[in-house]
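First up is the structure itself, then whatever we jot down about it.
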Amino acid sequence: MSKELVLIDGNSILYRSFFALPLLSNDQGVHTNAVFGFTKMMLKVLEDHEPSHILVAFDAGKTTFRHETYKEYKGGRQKTPPELSEQFPIIRELLDAFGVKYYELDQYEADDIIGTMVKEADAKGQKTTVYSGDKDLLQLASNHTTVSLTRKGISEIDHFTPESIEEKMGISKEQIIDLKALMGDQSDNIPGVPGVGEKTAVKLLKQFGTLENIYENIDDVSGKKLKENLINNQEEALMSKELVTINQNSPLKISLEDLKYEGYHSRELVSAFKAYGFQSLMGQVEGEDSEQEYEEIEFEVLSEFDQSLVDESQNILYVEMLDDNYHNSHIVGCSIINEKGYYYIPTDLLEDQTFINWLEDDQSPKTVFNKKQLLVALKWRGIEVKGITFDMQLAAYIVNPASHDGDLSSISHSYGLTEVSYDEEVYGKGAKQQLPNEEVYQEHIVRKGLAGFKLNQLLKDELKQNEQENLYYELEMPLSAVLAEMEYTGVKVDVDRLDSMQKDLSNRLSDIEAKIHNLAGSEFNINSPKQLGKVLFEDLELPVIKKTKTGYSTSADILEKLQHEHEIVEQILHYRQLSKLQSTYLEGLQKVVHQDTHKIHTRFNQVLTQTGRLSSVEPNLQNIPIRLEEGRRIRQAFVPSEDDSVILAADYSQIELRVLAHIAKDEKLVQAFNEGKDIHTQTAMDVFDVKEEEINDLMRRQAKAVNFGIVYGISDYGLSQSLGITRKEAEQFINKYFDSYPGVKAYMDDIVAQAKRDGYVETIMNRRRYLPDINSRNFNRRSFAERTAMNSPIQGSAADIIKQAMLDVVQSMEGTNLNATMILQVHDELIFEVKKSDVEALQKLVKEAMEQTIELSVPLLVDSSYGNTWYDAK
DNA sequence: CCAGTCACGC
DNA sequence: GACGTACGTGACTGGT
């Protein structure tokens with residue numbers, strides 16, 4: 001392939017991308033959809049061509065020479081949306097990273113720059129491709145120049161040569177200008193001739209060749225009205241032609257040689273992609289030149305640890321582990337960075353008593369990345385790390401929960417610290433992950449520590465700026481140690497019990513499976529929604545209620561509506577329920593039982609959820625079944641790890657609604673809680689305007705769903721789905737609720753207004769959530785952001801409270817000799833293991849600590865119970 | 001390896 | 001009136 005010149009109409013491609021793609025934004029709330037589309041196209045261009053020269057041309061300013069001809073040029077055009085304008089500077093940054101030249105010229109449009117370049121290139125016989133979304137550019141096609149136009153947004157591209165233009169449009173490329181002159185162009189406010197569209201224009205041009213020729217032979221034009229229009233608008237038509245003709249003699253201050261393209265800078269590109277959240281494009285960047293570029297660093301590889309190396313005021317301690325699961329994970333190596341120097345510490349020094357002493361010294365300050373990971377991993381090695389004063393991962397999460405994502409390198413890059421490679425570049429990803437040469441990973445680990453040395457100060461400043469120091473130092477940091485203890489302690493499971501339940505279920509599943517195949521008259525995979533859909537809606541011809549993107553919906557709520565249609569439906573629902581228990585819980589839990597301890601050691605993710613809740617993985621112990629008896633029995637397998645002990649569960653009653661009452665200061669709601677009313681009954685009384693004794697089951701159930709909706713921030717649509725009513729009715733319920741609780745209504749209005757003003761919302765302990773979509777012009781995105789604004793302070797404050805309660809409970813327990821351990825947290829409940837003899841004392845202590853953890857304008861109420869298994873603690 | 005669908009918890 | 005519906009994790013299918 002011969003070397004090519006590629007010319008890109010920057011504005012056109014950006015506009016196209018902007019309207020074709022949903023309004024993406026990165027975690028800082030900067031919109032990126034247009035640049036994302038542009039970047040994607042850029043990568044494709046580099047892949048498809050072998051460009052020796054590239055230019056991206058942009059329009060300059062508001063006026064052009066065309067305005068002298070016609071001052072209404074591009075008049076009446078909608079103002080560029082601010083969501084797009086803010087992306088113009090970004091694309092320039094990206095183009096710099098791509099090593100691609102861009103150019104704009106006062107009084108000229110991108111078209112003219114491209115046209116002028118094409119003229120120069122054509123004269124030299126240079127092969128050229130022009131990229132745009134604008135058909136006007138077709139006039140530039142030639143023997144050497146292909147014009148590539150985006151179609152349907154930006155996903156498809158059509159390539160035009162003079163021949164293919166003729167073939168597809170029926171006119172030559174020279175006639176494109178005449179065509180446009182006749183048709184006019186709404187978007188550029190080019191008048192053209194009224195009543196002439198594409199069909200008529202093509203017909204005329206086929207007959208007469210050019211616009212001028214039409215007027216010279218105007219008498220030969222057939223159609224009285226058409227002739228009249230042409231004559232009356234001759235001036236406009238000729239002016240239109242002038243306007244749409246690309247100026248190929250623009251006074252460019254650059255020439256072909258200036259456009260030389262020599263490949264992109266992988267590092268800069270990857271760094272920019274990270275910053276704008278283009279994770280999906282990362283893999284397309286080839287990293288040939290990724291090794292150099294860094295400033296050299298020198299570090300010492302320690303063979304023994306020496307106390308004199310560490311600093312009294314601050315040390316970055318970075319410990320590299322590649323497995324996600326840090327229970328018994330391999331440690332690659334460590335680094336320490338401080339004012340005195342940079343040190344690489346081989347993993348075997350974890351056996352060095354001097355090093356261990358330093359790690360365990362409460363008075364030796366350590367700044368780390370992922371405190372909990374470090375505490376747990378080293379606990380498994382018998383080391384109790386102490387003196388951790390700062391956790392950069394946790395800090396990054398607190399200042400913006402949307403940006404926790406990933407390792408120390410990624411976070412450093414997002415703070416502009418780029419002197420460190422991404423883990424993916426060093427170790428590879430997925431199945432291809434492997435350790436590179438010793439020198440390579442040692443330097444990487446030191447560089448990460450070094451990045452952390454600069455990063456920690458930025459994070460500290462931000463915490464202070466946001467007034468989140470209390471949240472961070474007094475709540476999250478100490479909590480991290482409590483969670484580490486819980487994860488390390490683990491939960492005992494009765495493996496035999498799981499095994500026997502699994503065998504029993506296995507038989508029952510086979511039976512049901514046979515029954516279903518029998519009823520269907522064919523054998524198929526019941527777990528495949530696609531195959532199931534075919535059986536139900538094609539073979540058995542059940543009525544189709546709802547479709548998904550890929551086929552028929554077979555979700556439980558749809559199947560429930562079909563129950564009376566066919567016997568098979570009930571069997572499928574039952575099969576689904578049991579197979580969920582089998583695969584996720586009975587099999588799933590057995591897979592994660594620890595070999596040595598015979599316990600389950602979950603990991604609580606403290607830096608993930610947008611609301612401040614914890615999550616739990618490998619296994620997820622926050623979604624063990626409870627609603628249906630069949631599933632609930634899984635809990636019988638969760639048992640105390642010692643004899644004479646029991647499981648105690650203590651849960652907050654209606655914590656979110658109490659938080660709402662407090663935050664909204666709604667008199668009626670506050671009063672209801674203060675009087676100890678059943679809140680769903682009270683809601684039913686208020687919403688239906690009836691006395692307590694008149695409330696029936698349906699009314700209470702509906703009131704409960706409304707409360708649920710308020711707490712979880714669901715829409716009228718969501719409520720209608722959960723109650724099986726119309727959206728109108730759901731809307732009425734919500735309106736009646738707001739009428740009954742005007743304080744709540746006022747809070748909701750207030751918090752949305754606040755979010756629109758500040759761009760974020762906060763919990764009672766200053767936990768933030770940014771809402772980049774809150775001012776979006778897209779109804780869906782905006783509505784979603786508005787509901788999030790209403791809901792996040794409620795859920796998040798509840799999360800704050802139980803986290804604080806966990807600290808308080810642990811602290812009260814320390815002052816006693818109770819034989820008890822906290823083992824789990826499930827959002828509004830805490831689970832303990834405790835010696836039978838201490839159970840009542842613990843119950844009292846826990847209830848008190850949880851209820852007194854914070855003073856609200858309503859009381860907090862905790863219920864608790866215990867038993868021989870988690871199942872029995874009900 | 002990823003997206004889509006489904007289902008469990010709060 | 002749009003349009004898709006809180007926060008999570010995990011299993012499974014079926015396409016690349």
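We name chains A, B, ... by the order of the sequence lines, and we start the count at 1 in each one.
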Distance-only check: which donor-acceptor pairs under 3.5 Å involve side-chain atoms of residues 530-537 of chain A, not counting sequence neighbours?
unit_1   : atom_1 : unit_2   : atom_2 : d
A/Gln531 : OE1    : A/Asn525 : N      : 2.8
A/Lys534 : NZ     : A/Asp539 : OD1    : 3.4

Contacts of type side-chain hydrogen bond (donor to acceptor under 3.5 Å, both in side chains), residue A/Thr763, not counting sequence neighbours
A/Asp800

Identify which nucleotide among C/dT9, C/dC12, C/dA2 has an atom closest to any side-chain atom of A/Val617, counting heavy atoms from C-beta outward.
C/dT9

Sequence neighbours excluded, the answer for ring-ring contact (aromatic ring centres under 6.0 Å, His included) partners of A/His601 is A/His327, A/Trp380, A/His594

Defining pairs by Watson-Crick or G-U wobble geometry with both distances under 3.5 Å, how would you list the stems of DNA chain C with at least three pairs each?
B:1-9 with C:7-15

Rounding to an integer number of angstrom, what distance separates B/dC6 and C/dA2 when you compare their P atoms?
24 Å

Could you tell me whether A/Arg603 contacts a base, only the sugar-phosphate backbone, or nothing, with contacts defined as non-hydrogen atoms closer than 4.0 Å?
nothing

Distance-only donor-acceptor hits, side chain of residues 623-631 of chain A, under 3.5 Å, sequence neighbours excluded:
unit_1   : atom_1 : unit_2   : atom_2 : d
A/Asn623 : ND2    : A/Tyr585 : OH     : 3.4
A/Glu629 : OE1    : A/Tyr871 : OH     : 3.4
A/Glu629 : OE2    : A/Arg633 : NE     : 3.4
A/Glu629 : OE2    : A/Tyr871 : OH     : 2.5
A/Glu630 : OE1    : A/Arg508 : NH2    : 3.4
A/Glu630 : OE2    : A/Arg508 : NH1    : 2.9
A/Glu630 : OE2    : A/Arg508 : NH2    : 3.3

Does A/Ser783 reach a base, just sugar-phosphate, or nothing at all? Heavy atoms under 4.0 Å.
nothing

A/Leu621 CG to C/dG8 P: how many Å, rounded?
18 Å

When the P atoms of C/dC3 and B/dC8 are compared, how many Å lie between them, rounded to an integer?
31 Å

Contacts of A/Ser553 that satisfy side-chain hydrogen bond (donor to acceptor under 3.5 Å, both in side chains) - sequence neighbours left out
A/Ser555

With sequence neighbours excluded, tell me which residues meet side-chain hydrogen bond (donor to acceptor under 3.5 Å, both in side chains) with A/Gln433.
none

Without decimals, in angstroms, what is the distance between A/Glu731 CD and C/dA2 P?
12 Å

Are A/Lys515 and A/Asp511 ion-paired here, with the side-chain N under 4.0 Å from a carboxylate O?
no

What's the CG-P distance between A/Asn778 and C/dG1, to the nearest Å?
18 Å

For A/Gln502, check side-chain hydrogen bond (donor to acceptor under 3.5 Å, both in side chains) against everything at least two apart and list the hits.
A/Gln590

Across the strands shown, which category fits A/Thr584 at heavy-atom distances under 4.0 angstrom: base, sugar-phosphate, nothing?
sugar-phosphate

Quick one: label A/Glu618 by what it contacts on the DNA or RNA (base, sugar-phosphate, nothing), any heavy atom closer than 4.0 Å.
sugar-phosphate

Do A/Ile831 and A/Gln825 touch side chain to side chain, with heavy atoms closer than 4.5 Å?
no

Protein proximity profile, nucleotides 4-10 of chain B - base contact B, sugar-phosphate-only contact S, no contact -, cut-off 4.0 Å on heavy atoms
SSSBBSB

